[in-house]
Amino acid sequence: MAAKKKLISGVEIVVVLVLLTCAPSRIRSADYNRLLVNMTLVRNSTASALGAYGSLPAYHLHRGFGAGARNWLLQFEGGGWCNDIPSCLDRAKSRRGSTSLMTKWEVFSGILSNNASLNPDFYNWNRVKIRYCDGASFAGNAKFDDGKSLLYFRGQKIWQAILIDLLPKGMASARKALLSGCSAGGLAVFLHCDNFINFLPRTASVKCLSDAGFFLDVRDIALNHTMRSFFKILVQLQGIEKNLNPNCTKSLYYPELCFFPQYALEHIATPFFVLNSAYDVFQFHHGLVPPSADLRGHWNHCRFNPAACNAYQIDVLQDFSSPTTPVVVMIFLFFFFVFSGFRLDMLVALQKFLTYSRLDGMFVNSCFAHCQSESQDTWLADDSPRIHDKTIAEAVGDWYYSRRVTKEIDCPYPCDSSCHNLIP
């Protein structure tokens, strides 16, 4: 692994940022045994042949059985992004930047559980958790070398190396497949969904699920494009643009915007399910109200306790249509349309997907949470979140198996009493 001013002999790095880091019968979330799955490293010859330099690509595989023995569920791990050299170098020397420093055992729960009561539609599938170690949602392909520091950004190659390693283990004959992911891993699903099909039999039923990956291109409370600026630098640093959807990049004046799911989604041909909170906590804290936009800390209490938000803050989180919104603000927004409520922004960005897509699904609830498919209490339990009395697991299963149309949108906060409002 490369580190600042020093190279570790024989190993070059791929960098990752911090992990950002859910019933048919009533199941208490505490009433299940933890399933621990060991790490598998991709052999060096495969990774090297593809140019995936660095610590070896890694994943955790729990074998399917019975009717699910030829079905495959792949789950991208989340982990944020790395968009400048100093932070990438810091991550390179931690467990976030090398599979050799990561935990060797992972808990499989929620959508990865092997318990039929806790995960009725996918429990007996081959289930794979892909470890995240590139900091660009598995889309980077670049190298940085200034003579002092050496960094390889090889997320795209890591993704390919893992797929190639799984093919002879049974995925080459898959009948059904689901590509999923959480947070930055959820964004990776948008980037790799259509590409995933190319590795599978033409007869396979392939679909994609993004959990908390619908990152919005919105202005923050100071009217700055914080997330857009961050992603633009990220795309440039890690050489991502060439790996973005070409139909999307051709349609936009600024092709780097295709890193945002809201612009990429309409160009995805594979059946897709969007699972997201309308008040996604990560986006709330880093996109809507980043520290740079709240220097005096007016939002501190609201950020970590929705019940502490004042009327104006609730308006910002909702749709700016409340009677409490100052008239002068409404007039400004009407004429300049520079800012609206976060929930409304998300629903507007998903409007075409909601209205015109026939094979796709959606579950947008009003919980202050981030990632809801991997945790058992939010995926499927006696007290898990619901929309129209339907759990996330039921909604995803109904959509995947085409049992019924599944496009659920929750009422605005605070109407949903099933929410856990899990704020990290």
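When a residue number appears, it is its place in the shown sequence, counting from 1. Below, each value reflects all heavy atoms present in this structure, side chains not excepted, and no hydrogens, waters or symmetry copies.
When side chains are defined from C-beta on, Ser109 does not count as touching Arg34, because their heavy atoms never get closer than 4.5 Å. Proximity of Asn276 to Gln283: side-chain heavy atoms (C-beta onward) are separated by under 4.5 Å at one or more points. Side-chain contact between Ser357 and Lys407 is present, with heavy atoms from C-beta onward closer than 4.5 Å. Taking 4.5 Å as the limit, every side-chain heavy atom of Val364 sits out of range of all side-chain heavy atoms of Asp410. Within the 4.5 Å cutoff, no side-chain heavy atoms of Thr406 are placed close to those of Met362. For the pair Tyr132 and Phe76, the minimum side-chain heavy-atom distance is 4.5 Å or more. No side-chain heavy atom of Arg131 sits less than 4.5 Å from a side-chain heavy atom of Pro57. Side-chain atoms of His62 and Asn114, non-hydrogen and from C-beta on, do get closer than 4.5 Å to each other.
In this structure a side-chain-to-backbone donor-acceptor pair under 3.5 Å is present from Ser137 to Ala184. Between the side chain of Tyr400 and the main chain of Ala395, no donor-acceptor pair closer than 3.5 Å is present. Side chain of Gln238 to backbone of Gly135: a donor-acceptor contact under 3.5 angstrom is found. In terms of modelled atom types and a separation under 3.5 Å, the side chain of Gln351 and the main chain of Thr355 share no donor-acceptor contact. For the pair Arg127 (side chain) and Leu112 (backbone), a donor-acceptor distance under 3.5 Å is present. The backbone N or O of Arg386 lies less than 3.5 Å from a partner atom in the side chain of Ser418, making a donor-acceptor pair. A side-chain donor-acceptor contact under 3.5 Å links Asn83 to the backbone of Phe230. When atom types are taken as modelled, the side chain of His285 and the backbone of Arg303 share a donor-acceptor pair closer than 3.5 angstrom. Lys104 contributes a side-chain N or O that, together with a main-chain N or O of Ser100, makes up a donor-acceptor pair within less than 3.5 Å.
Checked against Pro261 for a side-chain contact (heavy atoms from CB on, under 4.5 Å), the options Phe214, Phe353, Phe272 give a single hit: Phe214.
In this structure, Lys176 does not pair ionically with Asp121, as no charged nitrogen and carboxylate oxygen lie closer than 4.0 Å. Ion pairing between a basic and an acidic side chain is recognised when a charged N comes within 4.0 Å of a carboxylate O; Asp360 and Lys207 show no such pairing. The pair Glu256-Arg228 does not count as a salt bridge, with every side-chain nitrogen at least 4.0 angstrom from each carboxylate oxygen. The existence of a salt bridge linking Arg154 and Asp134 is excluded, since no basic side-chain nitrogen approaches an acidic carboxylate oxygen closer than 4.0 Å.
The closest side-chain donor-acceptor pair between Ser183 and His370 falls under 3.5 angstrom. Side-chain contact check for Ser98 and Lys93: no donor-acceptor pair (N or O, by modelled atom type) lies under 3.5 Å. At a cut-off of 3.5 Å, with distance as the only test, no side-chain donor of Ser113 or Asn119 sits close to an acceptor on the other residue. Side-chain contact, Asn224 with Thr226: no donor N or O sits under 3.5 Å from an acceptor N or O. Checking Ser87 against Asp90 by side-chain atom types alone, no donor-acceptor pair falls below 3.5 Å. For Ser366 and Asp416, the side-chain atoms include no donor-acceptor pair closer than 3.5 Å.
For the atom pair SG (Cys302) and CG (Asp294), the distance works out to 9.5 Å, reported to the nearest 0.5 Å. Rounded to the nearest 0.5 angstrom, Phe153 CZ and Gln156 CD are separated by 15.0 Å. For the atom pair Asn245 CG and Thr249 OG1, the distance stands at 7.0 Å (nearest 0.5 Å). Of the inter-residue distances, the one linking Ile158 atom CD1 with Asn141 atom CG reads 10.0 Å to the nearest 0.5 angstrom. The line from CD of Gln313 to CD1 of Ile221 is 8.5 Å long, rounded to the nearest 0.5 Å.
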Would Cys133 and Thr99 count as a side chain to side chain contact (heavy atoms under 4.5 Å, CB included) if you check the C-alpha gap in whole Å, the side-chain angles of each, and the deciding distance to 0.1 Å?
CA-CA 7 Å; Cys133 60; Thr99 56; 4.0 Å; yes
Is there a side chain to side chain contact (heavy atoms under 4.5 Å, CB included) between Val289 and Asp220? Walk through the geometry before answering.
CA-CA 6 Å; Val289 191; Asp220 62 29; over 6 Å; no
Start with the C-alpha distance between Glu77 and Ile130, add both sets of side-chain angles, then the distance that settles side chain to side chain contact (heavy atoms under 4.5 Å, CB included), and finish with yes or no.
CA-CA 6 Å; Glu77 183 181 28; Ile130 302 174; 6.0 Å; no
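Minimum interatomic distance between Ile162 and Val42 (heavy atoms only, all atoms of both residues): CG1-CG2, 3.9 Å. Shortest non-hydrogen contact noted between Val189 and Ser180 is CG2-C, 3.3 Å.
The neighbour count for Lys232 NZ, taken as heavy atoms of other residues, nucleotides or ligands under 6.0 Å away, does not exceed 12. Residue-environment remark: CZ (Phe65) exceeds the threshold of 12 foreign heavy atoms within 6.0 Å. Counting heavy atoms of neighbouring residues, nucleotides and ligands inside a 6.0 Å radius, atom NZ of Lys242 exceeds 12 of them.
Using cut-offs of 30° and 60° for the angle between ring planes, the Trp125 and Tyr401 rings count as perpendicular. Ring geometry for Trp399 versus Phe273: interplanar angle of 30 to 60°, hence tilted. Ring geometry for Tyr279 against Tyr413 counts as perpendicular: the plane angle is over 60°, on a 0 to 90° scale with 30° as the lower cut.
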